[in-house]
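Some notes on the structure that comes next.
Positions are given from 1, in the same order as the sequence printed here.
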Amino acid sequence: MLALIISWILLGTICLCLGTAVLNLLRLDGIKSISDRFFIAQWLGLVITADIFLFISLFTPLIPTVSASVALIIITLSLIPKRNRQELIHFIQQVNVKQGFGIFCLLLFVAIFNPRDVFWYDTGLYHYQVTQWLAKFGAVDGLAQVHSRFGFTSSWFALSAVFDHGLLETRVSSLVNGLVDLLLISHFLIVIKNIISQTTKEFSNYFIVFTYLIITITSWYEGLNSTISPDYSIIILAVFMGWLLLRFTEDITLLLVILSAGAIAIKLSAIPLLAISFLYIITSKQYLVKKLILSTVLGFFLVLPSLLYATKVSGCPLFPSGVLCLDLPWAFSSEEASNVSKIIREWARWGGATPADANWWNWLPDWSVRQLQATIQILLSVITLIVLISSKHQVLDRDSLFILILGGVGITFMMVMAPDWRFGLGYLTVIPALGFALLLSKSYDKTIISIDRLSSTLKYLTKPALWIMLLIIWSVIFRERTINWLVPLPLRQPEILITKEIDGLKYTMPTNGDDRCWSATIPCTPEDLDNRVKLLRPEMGIAGGFATVN
């Protein structure tokens, strides 16, 4: 637990410094709220820092000396402008003793309850395995030939790999998403406090309350937040960008582009976010050409590390898409790459093997029952959309319309590419949240709810003492659970591993009916290697990469 808290403070500091520098470069002086600037800076810093480390992994393993040097450079460059230093000092000065105690309680709360025994399938299948490769060897040529899932690109794995050394080796599953939890909970509490105190009456506050509640309940119940999974960050970023659209009247086009392009480096399921960002630019009235050029350049450089990484490990810059696959010794053919994407899509549709009579629509009845929450949220989105568009009493502004577009495009993308709730929970939530926010905004709150009557009770939600009470109560309820005060539990090991060899290439493989390598020493693969797979540079061993020989 202590190691997690220290890691969050270090990573949060790096992200805050970098994010503040970027925020000041964007000259968004119209964003006055200290808390708003803090959360925007943290998210900017988080996506860009992850992108930087993914880029660094192309040239070197993410060992501690490299990571520390990069972090020091980021902080030093961020602190050079006087304005950045002043704003960071201002952040610190706003924290009094009472608030500092509340932050400590929040850190303690998340550090105790975020780490848990990870059972998330993909973390055992490839999330942590890729993290190990990045920590020990960096991006390795042809790694996807060991297993196709190892070709999936995510800057989230690179950020986790930075900490996967020493005491934290095999114990980083909940580290990066734990920081996301801290941002989510603290943002939620501040918004609740604003609603109760009526310091702001903007319906963006209600939007945050609804979305964060749904996401927290779902993700925590499923255990998604305790894994290395990049899906969790994309879910939160979709909601956060929706909040930005509703909250600010300033020109935030470049801010949206940076966040969405950085999100694509985390996972390709963020493509709708970038599409919406550019649509937002196209429909703006001022400096259209200038914004498009600058946004395209920024977006390209932020996405470039993920394209280079995917090319290096699979030969296909958009892997698992078969588009633009190159002629390299380790490259997948376009057909092979597309087949990987098809397997994921069909598995999401059917929840298992694809039946012989499968077509483009007959998976829907079974899927709608199996993915019940997604089905309900889609129905709520459709109903909300119809009500808002047909209502004569509610005129939607441009930003609200973009929330509807964001939800519609995101849900469509999820249903076409891979219909699974974890790929689209953020998109599934934003349209019902918009309806909820409008319902409880200043036009309706006098008839629906009396904030004054609730304030005497709800104000205690932001009291630090409440968190201590929650910790005590939770500890009593779950007294059988051991709290690891120094470091979190290590990721599990496969029950049985067998060693195999092909032309001098030794690897292990799990058996006993489980195809997940979990934290097994690399190279480990869920299935037998293709006989065509060879060491690309035998004199370098597995660090030299892999190739296919026909």
Taking only distance into account, with no hydrogens and no angle test, what donor-acceptor pairs under 3.5 Å do side-chain atoms of residues 260-268 form with protein atoms, sequence neighbours excluded?
| from | atom 1 | to | atom 2 | distance (Å) |
| --- | --- | --- | --- | --- |
| Ser260 | OG | Leu256 | O | 2.8 |
| Ser260 | OG | Val257 | O | 3.2 |
| Ser260 | OG | Ser277 | OG | 3.1 |
| Lys267 | NZ | Asp231 | OD1 | 2.7 |
| Lys267 | NZ | Asp231 | OD2 | 3.4 |

Could you list the donor-acceptor pairs under 3.5 angstrom formed by side chains in residues 44-64, with sequence neighbours left out?
| from | atom 1 | to | atom 2 | distance (Å) |
| --- | --- | --- | --- | --- |
| Thr49 | OG1 | Gly45 | O | 2.6 |
| Ser57 | OG | Leu54 | O | 2.5 |

Could you tabulate the donor-acceptor pairs under 3.5 Å formed by side-chain atoms of residues 176-185, not counting sequence neighbours?
| from | atom 1 | to | atom 2 | distance (Å) |
| --- | --- | --- | --- | --- |
| Asn177 | OD1 | Trp156 | NE1 | 2.9 |
| Asn177 | ND2 | Thr227 | O | 2.6 |
| Asn177 | ND2 | Ser229 | O | 3.1 |
| Asp181 | OD1 | Trp220 | NE1 | 3.3 |
| Asp181 | OD1 | Tyr232 | OH | 2.4 |
| Asp181 | OD2 | Asn114 | ND2 | 2.5 |
| Asp181 | OD2 | Asn225 | ND2 | 2.8 |

Kindly list each side-chain donor-acceptor pair under 3.5 angstrom involving residues 298-319, sequence neighbours excluded, with atom names and distances?
| from | atom 1 | to | atom 2 | distance (Å) |
| --- | --- | --- | --- | --- |
| Ser306 | OG | Val303 | O | 2.6 |
| Thr311 | OG1 | Leu307 | O | 2.8 |
| Lys312 | NZ | Asp141 | OD1 | 2.9 |
| Ser314 | OG | Ala310 | O | 2.6 |
| Ser314 | OG | Cys316 | N | 3.2 |
| Ser314 | OG | Cys316 | O | 3.2 |

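Side-chain atoms of Ser334 come within 3.5 Å of backbone atoms of Gly322 as a donor-acceptor pair (strictly under, hydrogens ignored). Listed for the Ser233 side chain is a donor-acceptor partner under 3.5 Å among the backbone atoms of Pro230. At least one donor-acceptor pair closer than 3.5 Å links the side chain of Ser333 to the backbone N or O of Glu336. When atom types are taken as modelled, the side chain of Arg370 and the backbone of Arg349 share a donor-acceptor pair closer than 3.5 angstrom. For Gln145 (side chain) and Asp530 (main-chain N/O), no donor-acceptor pair under 3.5 Å exists by modelled atom type. In this structure a side-chain-to-backbone donor-acceptor pair under 3.5 Å is missing from Tyr128 to Ser173.
Considering CD1 of Ile74 and SG of Cys17, their distance stands at 9.5 Å, rounded to 0.5 Å. The CD1 atom of Ile376 sits 7.5 Å away from the CG atom of Leu380 when rounded to the nearest 0.5 Å. One finds the CD atom of Glu222 at 12.5 Å from the CD1 atom of Ile217 (value rounded to the nearest 0.5 Å). With values rounded to the nearest 0.5 angstrom, Thr521 atom OG1 is found 8.5 Å from Leu497 atom CG. Atom CH2 of residue Trp421 and atom CD of residue Gln371 lie 8.5 Å apart, to the nearest 0.5 angstrom. In this structure, CZ on Arg537 lies 13.5 Å from CD1 on Ile542, to the nearest 0.5 angstrom.
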Evaluation steps, side-chain contact (heavy atoms from CB on, under 4.5 Å), between Phe152 and Val340: CA-CA 10 Å; Phe152 290 1; Val340 174; 4.0 Å; yes

Steps toward side-chain contact (heavy atoms from CB on, under 4.5 Å) verdict (Phe137, Ile522): CA-CA 10 Å; Phe137 300 105; Ile522 54 178; 3.7 Å; yes

Intermediate values then yes/no, side-chain contact (heavy atoms from CB on, under 4.5 Å), Ser219 and Leu425: CA-CA 9 Å; Ser219 300; Leu425 181 58; 4.0 Å; yes

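In terms of the ring pair (Phe, Tyr, Trp, His ring centres under 6.0 Å) criterion, Trp330 has no residue partners (sequence neighbours excluded). A search for disulfide (SG to SG under 2.5 Å) contacts involving Cys15 returns nothing, not counting sequence neighbours.
A heavy-atom distance below 4.5 Å is not found between the side chains of Leu491 and Arg171. Looking only at side-chain heavy atoms (C-beta outward), Asp528 and Met509 come within less than 4.5 Å of each other. The closest side-chain heavy-atom distance from Gln373 to Ile214 is below 4.5 Å. Between Tyr126 and Thr525, every side-chain heavy-atom pair lies at or beyond the 4.5 Å cut-off. Annotation: side chain of Leu107 is in contact with side chain of Trp8 (closest heavy-atom distance under 4.5 Å). Between Trp133 and Val130, every side-chain heavy-atom pair lies at or beyond the 4.5 Å cut-off. Proximity of Met415 to Leu364: side-chain heavy atoms (C-beta onward) are separated by under 4.5 Å at one or more points. Contact annotation: the side chain of Gln129 approaches that of Cys524 to within less than 4.5 Å [non-hydrogen atoms, C-beta and beyond].
A salt bridge does not link Arg492 with Asp514: none of the charged nitrogens is closer than 4.0 Å to a carboxylate oxygen. For Lys342 and Glu335, the salt-bridge test fails: no basic side-chain N is under 4.0 Å from an acidic carboxylate O. A salt bridge between Arg149 and Glu527 is absent, with no side-chain N of the basic residue lying under 4.0 Å from a carboxylate O of the acidic one.
Within 6.0 Å of CG in Asn359 there are more than 12 heavy atoms belonging to other residues, nucleotides or ligands. Heavy atoms of other residues, nucleotides or ligands lying less than 6.0 angstrom from CD of Glu495 number 12 at most.
Ring-centre distance between Phe157 and His127: below the 6.0 Å cut-off. For Trp243 and His187, the ring centers are positioned less than 6.0 Å apart.
A donor-acceptor contact under 3.5 angstrom links the side chains of Tyr121 and Asp515, judged on distance only.
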